[in-house]
**Q** 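Input: one structure, supplied below.
Numbers here are sequence positions counted from 1.
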Amino acid sequence: MATAVMHGRRKGQARGTPEIPSLMQQGMMLPDGTDLRQVTVLSKVDWERINKQLNRKQIEHEHMSKMRFEQESLKAKSREMVKNWGNTIAGQRQSKLEARKLREEKEEAERVEVDLEEAKFQAKQRKEAIEKAKTQQYYQTDRVKSFHSALMLTEVLKERDAQLELKVLKEKASEGKDREWLEHGLREYEEGVRQDQTKAIDRINAARDVADFQRSQIREHQKVHWQEKEEDLKEGCGLKKLSMQYQIEKERLESIRRDEKKELMTDNRKQIEETKIMKKLKVDQEEEEDEECRVFAAAKRKMMRLRAEKEKNIYEEKQKQLEKIREKLTAQMKQKTDDEAGRIGIAVEEAEEKRKREEIEKEKKLKKMIQESAEHRHKQMKEAAIKKKEERRQELEMMRIREAADEIFQRNEEEKRVRKREEARGLMNFHVKQGTDKLSKIDKEKEEMAKIDRANFELLAHEETQFQEYASKVIEHCEEGGRNVYPLKKAAVAGVGGGAGPVFHEKGGIRPSYMVNDKSGKQMPHYQKDSTNDIKETINGKAPSKKRLGFVW
C-alpha cells in the first residue's frame with residue numbers, strides 16, 4: 001500500500017497553465033491550494049528508511065537501553081541462580097557471614113543475660129549499701145547513741161555483777177595460799193636486792209670508764225678550741241683591715257654626699273628667699289592698695305594716741321615738778337627750820353604760777369590741735385562722701401548683676417527641685433515595689449518554713465515510732481538475758497530532745513528542757529508531789545482539760 005506525501009513547497013506555475021478556477025473544477029487542486037500533480041507518493045520501505053534516517057539517534061539509544069536491560073536481567077538471573085550454590089566462593093563467603101551473624105546474635109544474647117544478672121546484683125549491692133548507710137546514720141543520732149550508752153551501761157552492770165561473783169569465788173579458793181605467796185615474795189625480794197647490788201657495781205665501773213673517756217675528750221676539745229681561736233684571730237685581723245678600708249671609703253662617700261646636700265640646701269634657701277621677696281612684694285602691693293582705706297582711721301587713731309601721750313607727758317611733768325618741789329622743801333626744812341613757812345609759801349606760789357603758765361600753753365596748743373583736727377576731719381568727710389557715693393554706685397551696679405544672677409540661679413534651682421521631686425517620686429515607687437516584693441518574699445518564705453516544719457514534725461514522729469520499736473525489742477532481749485534494763489528504760493523515754501519537760505505531741509513529740517534562771521544553768525526537775533495535785537484539784541477542780549503544761553513542778 002503506497003503512502004501519499006504532500007509537499008508544502010510549490011513550484012512556479014508554468015506558462016500556459018490553465019487558470020485556478022478551471023483546475024479546481026477539474027479536481028486537481030485541493031481547497032488549500034495544493035496541486036495534486038506536485039504530490040510525491042512513497043512506498044512503505046522508503047517511508048521506513050526515511051523515518052530511520054531521521055530518528056537514527058533515538059532508535060540507537062532505545063536499542064542500547066534495551067540491550068543493557070537484557071544484560072542486567074541476565075546478570076540478575078545468574079546471581080539468583082548462583083547465590084544459593086554452596087561450592088562457590090561467594091556461596092562460601094555468604095554461609096560464613098550467616099554463621100558469624102548467628103554466632104554474634106547468640107553471644108549478644110548471652111551478654112544481655114550476663115548484664116541483666118550483673119544489674120540485678122549491682123542493684124542488690126546498692127540496696128544493701130543504702131540500708132547499711134541508713135542504719136549507720138540512724139545509729140549516729142544523739143538519741144540512739146544515748147540508748148546505746150545505756151545498753152553499754154547495762155552490759156557493764158552485768159559484767160560488774162559477774163566480776164563480784166568471781167571475786168568472791170577467788171577469795172574462797174585462795175584462803176590457804178597467802179603464806180606461800182608471802183615466802184615466795186620474800187625470796188624474790190632478796191634475789192632482786194642482790195641483782196640490784198651487782199647492777200650498781202657495774203654502773204659505777206661503767207661511770208668511771210665514761211668519766212675517763214670524757215676527760216680525754218675535754219682535752220682534745222680544748223686543743224681544737226685554741227687552734228680555732230688562733231685562726232679566728234688571724235681572720236679578725238684581716239677583717240679589721242677590710243673594715244678600715246671600708247670605713248675610709250664610706251667617709252669619702254659621706255663627704256661627697258654632705259657637699260651635695262650643702263649645695264642643694266643653698267639652692268633651696270635661695271629659692272625660699274626669692275619666694276619670700278615675692279610674697280613681701282605682693283603684701284606691700286596689697287597694703288598700698290588698702291592704705292587709702294585706712295588713712296582716715298589711722299589719722300584718727302594717731303590723733304587720739306598723740307592726745308593721750310600729751311596728757312600723759314603733762315601729768316608726768318607735773319608729777320616731776322611736784323616731786324622736785326617736795327624734795328626741795330624737804331631739803332630746806334632740814335637746813336632752815338625757822339624760815340619754813342615763808343619758803344614753802346614762795347615755793348608754792350612759784351609752782352602755782354608755773355602751773356598756770358603751763359595750763360595756758362596747754363589750752364593754746366589744744367585749741368590749735370582741735371582746729372587742725374576739725375579742718376582735717378572736714379576734708380576727710382568730703383573725701384569719704386565722694387568715695388561713699390562712688391561705692392554706692394558700684395554697689396547698685398553689683399546689685400543689679402546679682403539680681404540677674406539670682407534670677408538665673410532661682411530658675412536653675414526650680415528645675416533642680418522639679419527634677420529631684422520626679423526622682424524622689426520614682427524612688428518612692430521603687431521602694432514601694434521593693435517593699436511589696438519583700439513582703440511577698442517573706443510570706444513565701446514563711447509558707448516554705450511552715451511546710452518544712454510540718455515535714456520535720458512528721459519525720460520526728462516517724463523516727464520516734466521507729467526508735468520505740470527498736471528500743472522495745474532491745475529491752476525485751478536484755479530482759480530475757482537477765483540484765484538490768486533500768487538504764488535502757490530511762491534512755492527510751494518517749495520524746496525527742498532529752499529534756500525533762502512534757503512531750504509536745506503536736507510538734508513531733510519533742511521533749512524540751514527547762515533551765516533554772518541563775519548562774520548554775522541546771523535543768524529543772526520533772527517530778528511533783530501529791531500535794532501539787534491536791535492544790536490543783538482544789539483550785540481548778542477535776543476538769544480533764546486542766547493539764548500540767550511543764551512550767552510548774
**Q** Who pairs with E249 by salt bridge (charged side-chain N to carboxylate O under 4.0 Å, His left out), at least two apart in sequence or on another chain?
**A** R252
**Q** Can you pull out every side chain to side chain donor-acceptor pair (under 3.5 Å) where at least one residue sits in residues 440-451? Sequence neighbours excluded, please.
**A**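 Every candidate side chain to side chain donor-acceptor pair (under 3.5 Å) pair involving residues 440-451 fails, so no pair, neighbours aside, qualifies.
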**Q** Please list all pairs meeting salt bridge (Lys or Arg N to Asp or Glu O under 4.0 Å) that have one or both residues in residues 210-224, counting only residues at least two apart or in different chains.
**A**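 For residues 210-224: D212-R215.
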**Q** How many angstroms lie between CE in M244 and CD in Q247, if you round to the nearest 0.5 Å?
**A** 9.5 Å
**Q** Under a 3.5 Å threshold, yes or no: a donor from one side chain and an acceptor from the other, between E464 and Q468?
**A**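 Q468 and E464 do have a side-chain donor-acceptor pair below 3.5 Å.
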**Q** May I ask you to check whether Q227 and E231 show a side-chain donor-acceptor distance below 3.5 Å?
**A** no
**Q** List in chain and number order the residues that pass salt bridge (charged side-chain N to carboxylate O under 4.0 Å, His left out) with R194, two or more places apart in sequence or in another chain; answer none if no residue qualifies.
**A** E191
**Q** Taking atom CG of D161 and atom CD of E165, what is their separation to the nearest 0.5 Å?
**A** 7.0 Å
**Q** Between CG of D115 and CD of E113, what distance do you get to the nearest 0.5 Å?
**A**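 Answer for the CG-CD pair, D115 versus E113, is 10.0 Å.
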**Q** Under 3.5 Å, which donor-acceptor pairs do the side chains of residues 50-74 form with other protein atoms, sequence neighbours left out?
**A**
from	atom 1	to	atom 2	distance (Å)
N51	ND2	W47	O	3.4
S65	OG	H61	O	3.0
S73	OG	F69	O	2.8

**Q** Please tabulate, for the side chains in residues 422-436, all donor-acceptor contacts under 3.5 angstrom to protein atoms that are two or more places apart in sequence or on a different chain.
**A**
from	atom 1	to	atom 2	distance (Å)
N429	ND2	R425	O	3.2
K433	NZ	D437	OD2	3.2
T436	OG1	V432	O	2.8

**Q** What distance separates R411 CZ from E413 CD, expressed to the nearest 0.5 Å?
**A**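 Answer rounded to 0.5 Å: 12.5 Å.
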**Q** Out of curiosity, R49 CZ to K44 NZ, how far, rounded to the nearest 0.5 Å?
**A**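 Taking CZ in R49 and NZ in K44, the distance rounds to 15.5 Å.
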**Q** I'd like to check the side chain to side chain donor-acceptor pair (under 3.5 Å) partners of R100; sequence neighbours left out, ordered by chain and number.
**A**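 With neighbours one apart ignored, the set is E104.
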**Q** Yes or no on side chain to side chain donor-acceptor pair (under 3.5 Å) for Q140 and Q136, after CA distance, side-chain angles and deciding distance?
**A** CA-CA 6 Å; Q140 291 298 320; Q136 291 178 354; over 6 Å; no
**Q** Among E128, K127, K132, K134, find the residue that satisfies the side-chain contact (heavy atoms from CB on, under 4.5 Å) test when tested with I130.
**A** K134
**Q** With sequence neighbours left out, what residues match E414 under salt bridge (charged side-chain N to carboxylate O under 4.0 Å, His left out)?
**A** R417
**Q** Can you give each donor-acceptor pair under 3.5 Å made by side-chain atoms of residues 148-160, sequence neighbours left out, with the distance rounded to 0.1 Å?
**A**
from	atom 1	to	atom 2	distance (Å)
H148	NE2	Y470	OH	2.9
S149	OG	K145	O	2.9
T154	OG1	A150	O	2.9
T154	OG1	N484	O	3.3
E155	OE1	R483	NE	3.2
E155	OE2	R483	NE	2.9

**Q** For V210, check side chain to side chain contact (heavy atoms under 4.5 Å, CB included) against everything at least two apart and list the hits.
**A** Q214
**Q** With sequence neighbours excluded, tell me which residues meet salt bridge (charged side-chain N to carboxylate O under 4.0 Å, His left out) with R208.
**A**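 Listed in chain order: nothing, the list is empty.
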**Q** List the residues meeting side chain to side chain contact (heavy atoms under 4.5 Å, CB included) with Q245, not counting sequence neighbours, and say none if there are none.
**A**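 Here the qualifying residues are L242.
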